[in-house]
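One structure is given below, encoded as C-alpha cells.
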Amino acid sequence: MSDAFEVQGLSVSRLAEEFGTPLYVYDGAEITGRFRDLRARLHPALEVFYSLKANPNISVCALLHRSGARAEVSSLTELVTARRAGVAPHDIIFLGPGKSAAELAACLDADIHAIVCENLDELALIDRAARERGVTARVMLRVNPAFSVKGSGLTMGGKPRQFGMDEEQLLAAGPGLAARYDAVRLMGVQVYLGTRILGEDIVVDNTRRILDLAERLARRIGFPLQTVDVGGGLGIAYFDNEKDLDVAELTTRLNPVVEAFRTRHPDTRMLMELGRFLVAASGTYVTRVRYTKTSMGENFAVTDGGTNHHMAAVGIGSYVKRNFPMAALERLDEQPTDPWNITGPLCTPNDVIGKKVPMPPLRAGDLIGVQRSGAYGPTASPVHFLSHGYPAEVLVLDGTAHLIRERDDSEAMLARQRLYDAGPGAH
Ligand SMILES: *Cc1c(COP(=O)(O)O)cnc(C)c1O
C-alpha cells in the first residue's frame, strides 16, 4: 500500500522529482472520462464546446478535441490554439465582449462556424470586415436576457452587463436589425447565465428559457435559427458544503427539453459551452514546503508556489475564505492533527493557499496538493508577480507523463523586456 498520491500509477514523488515544483499535474483519463460520460448520457443533438478559457493549454484542448469536443474561444491566441489542436473551423465559435478588428478578421479568414456578437458597434465592424473580404459573416447574437436565474456562482442575466445585447433592445430592433448589415447573416443566439452552477434543476431551467428566448428572438428579428448556444456554466464541488452535479439526473431532465426543441427545429445546431466542468477535477497543483514556522500560535507552511499560480484558492466569489480540497500528498495515510496555514513565496499577506487546513505535522520537503485545480489555475493567476513566471504543467495520458508546458525561467521572463540604451553619460 502506497501512502502517496498517484496519477495513473505514477507517484507524485516521482513526478515532482522529474519535473520539479511548483507543478500542475492533469489526469488525462479524468478529462476524457468526464467528457465521455457526459457525452454518452447527453442528447446527441446537443454538441459540447470546450471553453478554452478554463484551461487553454494546447494539449488539454487537443485531448478534448480528440474525444469529440468542439471549441469556444475568446481571443486570437485561443483561436490559434484550437486550430493547432486540430479543431475544424466549423466546430469553433468566437465569443467575447471586446474583440479586436484583428480577431474579427481572423475569424472570417479561418471561416469558423460563427462569431458571437456582443454589441451593435461590433456588428457594424463585422459587417465592414466581411464586406472588405467579399464574404458573408455568420453571426450569432449574444443576448443579455431580461431574466436571471439564481443559484450560480456568478449571475449574468437581468442586470446591466458589458456582455451581449439586452433582450428588450433586440426585440425593439426587430426585422430592421437583420436588414441593416449586408455582409452579415444573423443565424443564431447565445446566452450564458453564469458559472459554477451545481443544481441540475437550474441547468434545465436555464436551457428551457434560453431555447424559448432564442425562438422568440429569431422570429421577431426574422432570421433562420441555424444555431443556438445554451451556455453552460456547469460547476464542480470545491468546498465542504457543495455536491457535484449528478450527470445522470441532469441529463434525464435536460434531454426532453432538448428533444422538444429538436422536434420543432430539426435543422438547428444546438450547443453547450463547458469549461470548468470538463477540466477542473483533473488537476492538482503540487507545491513543496520550504519552511515551517509558528506565528502567534498558528502554524505556517511556506511553500514554493502560491496564489501567483492559483489565485482561485484564495476564495472564489466569497468573502469567507473556504479552502480547496488539499492534502499532504506523500502522507495520505496520516491523520491530520493540526490546522496549518499554507502560504506561498509572494511578499503579500494575501498569498494564502489554504487557511487552517487540517494536516499532519508538516516539515520542509513535504509535497502539498491543491486538488480539483484543473480549471482557472495559472492562466487565471498573476503568474508574473515577483517574476516567478509560469509553473510547469504535466498531462498524464495512458500512464505516461507529458510535459505540456515548461516552467518559466529568468531568461523566459526577461526575453521580452528591453534594457534601454540612452547613450554614454545619460540616465
Ligand atoms: C467563462 C465562460 C464559459 C466557461 O465557463 P465555465 O464555468 O468554466 O464552464 C462559457 N461561456 C462563456 C460566455 C464564458 O464567459
Side-chain angles (χ1 to χ4, degrees), residues 26 31 34-35 38 42 46-57 60-61 64 69-75 78-79 81-82 91-99 103 107 112-119 122 139-145 148-149 151-157 159 161-165 188-200 202-203 206-207 210 213-214 227-238 242 244-245 247 250 254 270-283 311-312 316-317 372-381:
Y26 307 115
I31 297 175
R34 278 181 90 82
F35 179 83
L38 176 67
L42 196 59
L46 188 53
E47 299 176 46
V48 175
F49 277 57
Y50 173 50
S51 300
L52 267 73
K53 183 179 73 182
N55 187 327
N57 188 284
V60 172
C61 180
L64 277 162
R70 329 310 195 189
E72 178 256 296
V73 301
S74 296
S75 71
E78 285 189 1
L79 174 60
T81 304
D91 285 334
I92 299 176
I93 60 168
F94 195 121
L95 162 168
K99 301 177 202 75
E103 286 171 331
C107 290
I112 64 170
H113 177 65
I115 299 170
V116 181
C117 176
E118 311 236 4
N119 63 68
E122 185 191 346
V139 171
M140 295 169 65
L141 299 171
R142 179 167 184 182
V143 186
N144 178 31
S148 75
V149 178
S152 81
L154 174 79
T155 314
M156 290 292 215
K159 328 183 151 165
R161 282 290 192 210
Q162 71 268 49
F163 309 110
M165 293 173 249
V189 170
Q190 189 271 5
V191 181
Y192 177 76
L193 283 172
T195 185
R196 298 220 303 114
I197 301 171
L198 288 173
E200 295 83 7
I202 297 166
V203 179
N206 280 354
T207 307
I210 292 166
L213 171 60
T227 302
V228 52
D229 177 347
V230 299
L234 275 55
I236 74 155
Y238 291 113
E242 292 181 339
D244 275 330
L245 281 163
V247 176
L250 170 69
L254 186 62
M270 300 173 77
L271 58 100
M272 177 179 233
E273 312 155 359
L274 296 178
R276 190 188 313 272
F277 178 82
L278 294 175
V279 293
S282 75
M311 196 64 192
I316 354 178
R372 308 211 121 195
S373 297
Y376 305 104
T379 173
S381 303

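Numbering of ligands and ligand atoms starts at 1, following listing order.
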query: Pick from L234, T195, D244: which one makes a side chain to side chain contact (heavy atoms under 4.5 Å, CB included) with F277?
result: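 Among the candidates, only L234 passes.
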Check ligand 1 against [X] and write out every atom of the ligand that is under 4.0 Å from a heavy-atom position of the residue.
X    : value
L95  : 13 (C)
E72  : 10 (C), 11 (N)
Y376 : 1 (C), 4 (C), 5 (O), 6 (P), 8 (O)
R276 : 6 (P), 8 (O), 9 (O)
T195 : 6 (P), 7 (O)

message: I need the I115 CD1 to M140 CE distance, nearest 0.5 Å.
response: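 The distance works out to 11.5 Å.
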- request: Any chance you could measure M165, atom CE, to E122, atom CD, to the nearest 0.5 Å?
  value: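 Reported value, rounded in 0.5 Å steps: 7.0 Å.
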For ligand 1 and [X], I'd like to know whether there is a polar contact (N/O to N/O, distance under 3.5 Å).
X    : value
E273 : yes
R196 : no
F277 : no

task: Would you confirm whether Y50, through its side chain, and N55, through its main-chain N or O, come within 3.5 Å as a donor-acceptor pair?
output: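 At least one qualifying donor-acceptor pair exists.
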- prompt: Under 3.5 Å, is there a donor-acceptor pair between the side chain of S75 and the main chain of E78?
  reply: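 Checked: pair present.
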Just to be sure I read this right, does ligand 1 sit under 4.0 Å from the backbone of [X], its side chain, both, or neither, counting only heavy atoms?
X    : result
K53  : side chain
R142 : side chain
F163 : neither

field: Heavy-atom closest pair, residues E103 and G98
entry: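 Smallest interatomic distance, heavy atoms only, reads OE1-O, 4.2 Å.
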Minimum-distance pair of heavy atoms, taken over all atoms of P97 and Q162: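 The answer is CB-O, 3.9 Å.
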- prompt: Does some non-hydrogen atom of G233 fall short of 4.0 Å from ligand 1?
  reply: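 Heavy atoms of G233 do come under 4.0 Å of ligand 1.
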message: A side-chain contact here means heavy atoms from C-beta on lying under 4.5 Å apart; do E200 and L245 qualify?
response: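 A side-chain contact under 4.5 Å exists here.
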